[in-house]
Asks: 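Here you go, one structure.
Sequential numbering from 1 along the given sequence is applied to the chain's residues.
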Amino acid sequence: MRSRRSVRATLVALAATAGLLAAVPAATAALEGPAPAASPSAGVTVKMADAAADRLGADREHLVDAVSADVLARSHDAKELSPSTAVARLAEEGREVVVDVRKAAGDWARGVAYVEAPRDHHGEPEGWLFLAHREDGEWVPGLEGDQAFADHVAESPLVGKAEREMMTAYAEHEADPAAQPGPIGTQANVNGLLLPWMPDYYMTLTGGPHAHDSATGYWSALDFAGGNASGIVRSSREGTATSMCGSGGGWTRVIHPGGFSTDYYHMHNTTYYNGTTISSSARLGTIGVDTCAGGSATGPHVHWSLRTYDANLNGAYTWLNGRTIGGWTWYNGNAQYAGCGTRQGLTACPGTAIYNRRA
């Protein structure tokens with residue numbers, strides 16, 4: 001597998017061949033909006049905290065270029081294209097590529113990057129936490145799920161002790177063999193993950209197992225709405241939480257001990273987190289129809305997804321089939337959204353109200 005440095009070098013070379021590289025003027029401290037046309041990250045939407053912009057100075061453009069190149073190399077919809085072509089095609093679909101730099105200290109930077117989901121169907125965007133380190137004058141980013149990210153987590157001063165313990169286990173995928181795919185029922189332990197609301201309350205299952213983007217990949221997502229939990233969405237377990245779209249956005253990712261993380265999308269009235277340590281059942285937001293990073297929603301609900309890493313440290317949404325979450329064991333149906341959960345002889349298919357149980 002090529003290193004992130006080699007992938008980025010290839011993409012920058014492609015941009016140079018297309019005549020895209022030129023001197024880039026310094027950005028303003030409140031950097032937000034499309035990158036300059038001369039940049040390899042042209043067309044990428046850049047957000048940057050004022051404090052991070054001040055610390056990075058004129059070098060911030062190089063950081064954004066490096067992260068953008070890695071994002072486009074990893075994106076399912078962009079990785080076979082040059083950066084300029086990829087961003088242009090996504091823009092034609094009304095989709096943005098976003099790089100959000102939130103912290104910087106010394107030769108380190110940290111933030112979030114994502115590629116918006118298509119806005120013509122229900123689905124979740126592609127998104128990554130990132131850490132970047134300046135080495136010999138060159139920014140080397142690591143996106144959540146690659147080896148550079150795991151290496152940076154171990155060294156970066158922007159990662160706290162508690163967060164490092166969880167993120168290291170997650171990135172290296174060491175803690176639990178149950179995270180590896182296997183026969184149904186034999187490796188279904190997910191370390192006590194709950195469904196995304198308060199234990200012993202109920203919500204209605206509105207969509208059984210389906211792909212996180214409603215298109216391809218493992219059927220890793222469930223949809224829930226209504227019930228007596230006041231519509232409040234809560235973390236499936238303790239961990240470190242990040243608001244992927246920023247303050248007010250309806251997408252939160254929580255990294256849990258033991259190799260799993262969970263995504264929560266379409267929320268509103270969200271609590272803002274930025275690599276924050278939280279407890280199990282911490283409040284994240286309420287069910288909603290937010291599409292801060294694309295996709296669509298026809299009614300208030302939470303789109304909940306399960307993620308883990310494969311043996312090559314590639315972050316991925318993972319299989320639900322045969323896994324027990326919130327006391328219910330989930331099985332695929334004959335089509336996306338049609339699957340059901342079972343518990344103690346009961347079967348709950350879409351349209352059924354189910355209680356969230358610890359065991």
Asks: Strictly distance-based, threshold 3.5 Å: is any side-chain N or O of W304 a donor or acceptor partner for the main-chain N or O of V302?
Replies: no
Asks: In chain order, what residues pass the salt bridge (Lys or Arg N to Asp or Glu O under 4.0 Å) check against D120, with sequence neighbours excluded?
Replies: none
Asks: I'd like to know if the side chain of D223 pairs up with that of H303 as donor and acceptor (distance under 3.5 Å, no hydrogens or angles considered).
Replies: yes
Asks: Quick check against the 3.5 Å criterion: does S75 have a side-chain atom that pairs as donor or acceptor with the backbone of D77?
Replies: yes
Asks: Is there a donor-acceptor pair closer than 3.5 Å between any side-chain N or O of S235 and the backbone N or O of A282?
Replies: no
Asks: Using every non-hydrogen atom in the two residues, find where P350 and C340 come nearest and quote the distance to one decimal.
Replies: CD-SG, 4.4 Å
Asks: Is there a side-chain contact between M244 and L129 (heavy atoms, below 4.5 Å)?
Replies: yes
Asks: Would you check, one step at a time, whether the test side chain to side chain contact (heavy atoms under 4.5 Å, CB included) holds for V254 with Y273?
Replies: CA-CA 10 Å; V254 183; Y273 296 111; over 6 Å; no
Asks: Would you say L194 and I354 are hydrophobically clustered, going by side-chain heavy atoms of ILVMFWY under 4.5 Å?
Replies: no
Asks: State whether the side chain of N356 and the backbone N or O of L195 hold a donor-acceptor pair below 3.5 Å, judged by distance alone.
Replies: yes
Asks: Please check if the distance between the ring centroids of H62 and W139 is under 6.0 Å.
Replies: no
Asks: Other residues, nucleotides and ligands only: do more than 12 of their heavy atoms fall within 6.0 Å of NE2 on H76?
Replies: no
Asks: Verify, without hydrogens or angle tests, whether H210 (side chain) and A221 (backbone) share a donor-acceptor contact under 3.5 angstrom.
Replies: yes
Asks: Test salt bridge (charged side-chain N to carboxylate O under 4.0 Å, His left out) on R134 and D107; report intermediate values, then the result.
Replies: CA-CA 5 Å; R134 187 164 39 199; D107 288 329; 3.0 Å; yes
Asks: Could R358 and D200 be called an ion pair, given the rule that one side-chain N must be under 4.0 Å from one carboxylate O?
Replies: no
Asks: Looking at D146 and R74, is there a salt bridge between them, counting it only when a charged N and a carboxylate O are closer than 4.0 Å?
Replies: yes
Asks: For S305 and E124, which I'm curious about, is there any donor-acceptor pair between the side chains at under 3.5 Å?
Replies: yes
Asks: Distance alone, cut at 3.5 Å: any donor-acceptor contact between the side chains of H266 and T291?
Replies: no
Asks: Any side-chain donor-acceptor pair under 3.5 Å between S279 and E238?
Replies: no
Asks: Parallel, tilted or perpendicular: which describes the rings of Y337 and H122, with under 30° parallel and over 60° perpendicular?
Replies: tilted
Asks: Side chain of D65, backbone of S68: donor and acceptor closer than 3.5 Å?
Replies: no
Asks: Any chance the side chains of T242 and R253 put a donor and an acceptor closer than 3.5 Å?
Replies: no
Asks: Can you confirm whether R55 is buried at CZ, in the sense that more than 12 heavy atoms of other residues, nucleotides or ligands lie under 6.0 Å from that atom?
Replies: no
Asks: In sequence, state the C-alpha distance, the side-chain angles, and the governing distance for R119 and E116, and then conclude on salt bridge (charged side-chain N to carboxylate O under 4.0 Å, His left out).
Replies: CA-CA 8 Å; R119 294 186 177 272; E116 289 188 340; 3.2 Å; yes
Asks: Can you check whether L158's main-chain N or O pairs, donor with acceptor, with R110's side chain at less than 3.5 Å?
Replies: yes
Asks: Under a 4.0 Å threshold between the charged nitrogen and the carboxylate oxygen, would K79 count as salt-bridged to E126?
Replies: no
Asks: Which pair of heavy atoms, one from P257 and one from N191, lies closest together, and at what distance?
Replies: O-ND2, 3.9 Å
Asks: Is the backbone N or O of S156 less than 3.5 Å from a side-chain atom of R164, with the two atoms forming a donor-acceptor pair by type?
Replies: yes
Asks: Please find the pair of heavy atoms, one from Y317 and one from Y218, that lie closest to each other, and give the distance.
Replies: O-CD1, 3.4 Å
Asks: Could you check whether Y114 and W128 have their ring centres less than 6.0 Å apart?
Replies: no
Asks: Out of the candidates Y202, F224, Y264, Y355, only one should pair with W197 under the ring-ring contact (aromatic ring centres under 6.0 Å, His included) rule; please name it.
Replies: F224
Asks: Side chains of T324 and T329: is there a donor and an acceptor less than 3.5 Å apart?
Replies: yes
Asks: Indicate yes or no for a side-chain donor-acceptor contact from R343 to the backbone of A359 under 3.5 Å, with no hydrogens or angles considered.
Replies: yes
Asks: Would you mind telling me which of R307, E165, H256 makes a side-chain hydrogen bond (donor to acceptor under 3.5 Å, both in side chains) with Y170?
Replies: R307
